[in-house]
Structure formats: structure tokens, C-alpha cells
2 protein chains.
Amino acid sequence: MDQLYDEYCRILKAAGYKHTKPRLSILEVMLENHNKHLSIEEILKLAQEKDPEIGIATAYRTLLLFEQLNMVYKLDFGDGLSRYEINEGNVGHHHHHLICLGCDKIIEAKWDLLDELEEAIQEDEHFSIVDHSLKFYGYCSECQAKDRKGEKHEERK
Amino acid sequence: MDQLYDEYCRILKAAGYKHTKPRLSILEVMLENHNKHLSIEEILKLAQEKDPEIGIATAYRTLLLFEQLNMVYKLDFGDGLSRYEINEGNVGHHHHHLICLGCDKIIEAKWDLLDELEEAIQEDEHFSIVDHSLKFYGYCSECQAKDRKGEKHEERK
DNA sequence: TTAATTGCAAATGGTTTGCAATATT
DNA sequence: AATATTGCAAACCATTTGCAATTAA
């Protein structure tokens with residue numbers, strides 16, 4: 001089905017975890033939505049299409065496990081929901097996010113110019129960096145256009 | 001007492017909000033702890049030393065108000081608590097944080113080399129940046145030293 | 001006086017947990 | 001068969017909200 005699927009199955013087994021239906025279903029969901037930022041609720045709903053028995057507690061436990069095994073990233077866009085994204089193996093450098101304050105859209109940022117900054121930090125502070133999280137808040141081009149037309153932004157919840 | 005205190009009192013009034021004891025007490029607490037990252041619970045406890053009547057709901061409402069007026073920053077270090085820090089007016093560019101995965105210590109990072117990256121994003125994506133959040137996860141010098149001695153990291157909750 | 005603000009307690013909502021039943025190896 | 005895993009429901013805990021009482025202007 002997918003090379004990552006096999007790889008992550010192997011990792012699960014290697015770490016001593018069983019290949020259960022809920023785990024494999026959720027893994028499939030995460031791979032099928034590799035470009036999205038699904039919430040637990042969304043992941044559960046999709047997984048239940050494959051295995052209707054799955055409960056919410058298992059979804060939480062499974063995503064936590066996947067996160068610990070570095071199979072997924074946990075994302076937080078400040079909307080009160082934990083979101084997850086499969087780790088596609090671009091070692092250590094997952095992308096950043098642009099969060100639109102007008103319409104709550106999330107845009108992927110492909111730039112990664114943090115190397116300089118990371119080096120400075122490692123040297124000056126003797127802090128050994130493992131990972132980072134970078135979010136930009138602002139207004140997307142569409143919301144800027146709306147603004148120019150004098151329209152209101154959609155209300156943020 | 002403090003020039004920022006006066007300034008923020010003015011801002012409150014200007015925005016049509018009353019100068020109540022809870023608000024002024026919490027403002028004082030935030031100014032007296034300008035270099036810390038206090039949780040709501042901690043802010044409440046400190047504010048209650050000045051005004052024992054204050055309830056938790058007021059603390060939440062006040063910090064939300066202060067955040068909306070850009071008087072404080074809301075911080076999230078992933079420990080399940082909302083933390084707040086007074087905005088000392090370094091316009092738009094508050095500092096970044098280094099979060100130690102070994103001992104949960106938070107180190108302030110003074111570097112701000114994101115200008116290049118922000119320019120690239122504004123141009124390529126036509127995304128108008130208002131603010132950003134940058135966190136680095138890794139190990140502080142002390143935890144690295146402990147590691148070399150073969151000691152265990154403290155358990156994370 | 002009057003409209004904003006507060007404290008309290010109850011409600012909310014995402015997440016975690018205890019436990020008996022079930023599934024994997 | 002032995003152990004890990006699950007689903008369920010209850011518990012948890014940070015945050016929000018309704019409302020009557022209080023307070024600032």
C-alpha cells in the first residue's frame with residue numbers, strides 16, 4: 001500500500017506493540033491524509049469507516065503512542081484541538097505554518113531558513129536543539145483583498 | 001510606580017474599561033513578574049495577596065481582556081496551562097523560547113533573525129505577517145552534562 | 001443612577017483513566 | 001494461555017458562562 005505503512009508497522013512491532021485493528025486503521029487514516037491537520041475527532045470518524053468499533057479513548061491512546069514513536073507530529077493551532085500529521089520522514093525539519101487571523105486558514109510554509117538561528121543558539125546557549133515549532137500569524141492574500149473591499153473578516157470563534 | 005502601569009491604565013480607560021481592583025491588582029502582578037511566564041493559577045494567587053476577593057473567573061476574564069488590548073502575551077509551552085507575560089513594548093518582536101525536554105526549563109532566546117524569512121513569506125505567499133511564535137525543543141547545557149554522566153533525565157509529567 | 005463588573009457555582013469540552021471484556025501473539 | 005489492548009463510562013481539569021449582587025463612574 002505504501003512504503004511508510006510497512007515501515008511504521010515494522011517500527012510498532014520492533015517497539016513491542018501489537019498490530020491491532022484500531023492501530024492499523026488509524027495509521028491508514030494518517031497516511032491517507034498526509035497533507036492535512038486532522039483533529040482527534042476527525043481521525044476517529046475516518047478510522048471508524050474502516051473499523052466502526054473504535055472508541056475515542058483508543059484514538060487518544062493510539063495517537064499518543066504514534067507521537068512517542070515519532071510516527072506523527074502533534075500540532076497546535078490554538079483552536080483548542082490537538083491536531084496530528086503523519087511524519088513523512090523529512091528528518092527533523094517539518095514545515096512551518098501560516099495561520100490566517102482573518103479566516104483561520106492554515107497555509108504550509110516550505111521555507112526553512114532557521115539553520116543560521118539554530119547554530120547561533122547551539123553555540124551561544126549550549127542548547128542542543130532537537131526540534132522546533134514556528135508559526136506565523138497574519139492575514140492571507142484573500143483576507144487582505146476582502147479588507148481592501150471594506151468587507152468584514154469572518155468572526156473568529 | 002511604573003511607567004508601563006500608567007500607560008496601561010490609560011489604555012484601559014481609553015478602551016472604555018473601568019479601573020477595578022481586580023484589574024489593577026492583576027496588572028501589578030504582571031508588571032512585578034515581567035520576566036516570568038505565570039499561569040492563571042499563579043497570577044490569581046499573587047493577585048489575591050493584594051485583593052483576597054478575586055475569583056478565578058475574573059482572572060480568566062481579565063487576562064483575556066489584557067491579551068486583546070495587547071497588554072500581555074499568551075504563551076503556550078505545551079504543559080496544558082495558559083501562561084501570560086506582560087508586553088513590555090518591544091513592538092511586535094517578543095522573544096523566542098528554548099524548552100528543555102530534560103528538565104522542562106524555559107530559556108529566553110534573544111536572537112531574532114527571522115526578518116529574512118518573514119520577507120520571503122510576505123513576498124512569495126502574499127501573507128501579511130502580524131506576529132509569530134517560535135519555540136525550540138532540545139536539551140539545555142545542564143541536562144547535556146547530566147547525560148554525559150549517564151544520569152537519567154527527570155521524568156516528564 | 002446605571003451600566004459594567006464581579007464572584008459563585010454550574011456547565012462545558014477536550015482529554016485521561018479504571019476496569020472488565022476482548023484480541024493478539 | 002498469557003499479556004497487551006480495547007471500549008465504555010466515569011473522572012478530570014482547565015476554561016467558560018449564567019446570573020444575581022456589587023461597584024465604578
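Atom set for the values below is all heavy atoms of this structure, side chains included, hydrogens, waters and symmetry mates excluded.
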**Q** Round to the nearest Å and state the distance from A:Gln48 atom CD to D:dG7 atom C1'.
**A**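 So the two atoms are 11 Å apart, to the nearest Å.
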**Q** Which is more 5' along DNA chain C, the nucleotide nearest B:Arg23 or the one nearest A:Ile56? Just name the residue.
**A**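 So the residue in question is B:Arg23.
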**Q** Return the minimal non-hydrogen interatomic distance between B:Cys143 and B:Cys100, and the atom names on each side.
**A**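 Between these two residues, the closest heavy atoms are SG-SG, 3.7 Å.
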**Q** Once you round it to whole Å, what is the distance between C1' of D:dT5 and CG of A:Leu24?
**A**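 Those two atoms, CG and C1', are 13 Å apart.
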**Q** For the pair made of CZ in B:Arg83 and C1' in D:dT15, what is the distance, rounded to whole Å?
**A**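 My rounded result for the distance is 16 Å.
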**Q** Identify whether any heavy atom of B:Ile54 sits under 4.0 Å from a base atom; if not, whether one sits that close to sugar-phosphate; answer base, sugar-phosphate or nothing.
**A**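 Here B:Ile54 touches the backbone only, sparing every base.
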**Q** Under 6.0 Å between ring centres, would you say that holds for B:His97 and B:Phe136?
**A**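 Not close enough - the centres of the two rings lie 6.0 Å or further apart.
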**Q** Is B:Glu108 close to B:His37 at the side-chain level, that is, under 4.5 Å between some pair of heavy atoms?
**A**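 Yes; the side chains approach each other to less than 4.5 Å.
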**Q** Is A:Glu85 salt-bridged to A:Lys36, going by a charged N under 4.0 Å from an acidic O?
**A**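 No.
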**Q** Please check if any side-chain donor atom of A:Glu88 sits under 3.5 Å from a side-chain acceptor atom of A:His34, or the reverse.
**A**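 A pair is found: one side chain offers a donor N or O, the other an acceptor, under 3.5 Å apart.
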**Q** Quick one: B:Asp76 CG to C:dG14 P, roughly how many Å, whole number?
**A**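 After rounding, the gap between these two atoms is 17 Å.
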**Q** Encode nucleotides 20-25 of chain D as B, S and - characters from 5' to 3', where the letter depends on protein heavy atoms closer than 4.0 Å: B to the base, S only to sugar-phosphate, - to neither.
**A** ----BS
**Q** Between D:dT16 atom P and B:Leu44 atom CG, what is the distance in whole Å?
**A**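 After rounding, the gap between these two atoms is 15 Å.
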**Q** What is the minimum heavy-atom distance between B:Ser39 and B:Leu81, and which atoms define it?
**A**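 Looking at all heavy atoms of both residues, the closest pair is CB-CD1, 4.1 Å.
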**Q** Taking CG from B:Asp51 and P from C:dT5, how many angstroms apart are they, rounded to a whole number?
**A**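 Computing the B:Asp51:CG to C:dT5:P distance gives 16 Å.
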**Q** Any non-hydrogen side-chain atom of B:Glu125 less than 4.5 Å from a side-chain atom of A:Ser141?
**A**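 Result no, sub-4.5 Å side-chain heavy-atom pair not found.
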**Q** OP1, OP2 of D:dA14 versus side-chain N and O of B:Ser82: anything below 4.0 Å?
**A**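 The answer is no; no side-chain N or O of B:Ser82 sits under 4.0 Å from OP1 or OP2.
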**Q** Please state how far atom CD in A:Glu41 lies from atom P in C:dT12, giving the value in whole angstrom units.
**A**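 So the two atoms are 17 Å apart, to the nearest Å.
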**Q** Describe the nucleic acid contact of A:Glu53 in one word from base, sugar-phosphate, nothing, applying a heavy-atom distance below 4.0 Å.
**A**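 Counting heavy atoms under 4.0 Å across all strands, the contact made by A:Glu53 is with sugar-phosphate only.
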**Q** Establish whether A:Leu31 and A:Ile11 are linked, either directly or via other cluster members, by ILVMFWY side-chain heavy-atom contacts under 4.5 Å.
**A**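 Yes, one cluster joins them.
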**Q** Can you pull out the residues from residues 57-65 of chain A that lie within a 4.0 Å heavy-atom distance of DNA chain C?
**A**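 Residues of residues 57-65 of chain A under 4.0 Å from DNA chain C: A:Ala57, A:Tyr60, A:Arg61.
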**Q** Test A:His132 against A:Glu118 for side-chain hydrogen bond (donor to acceptor under 3.5 Å, both in side chains), laying out the working first.
**A** CA-CA 9 Å; A:His132 64 245; A:Glu118 290 202 359; 2.8 Å; yes
**Q** For the pair made of CG in A:Leu12 and C1' in C:dT24, what is the distance, rounded to whole Å?
**A**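 That distance rounds to 13 Å.
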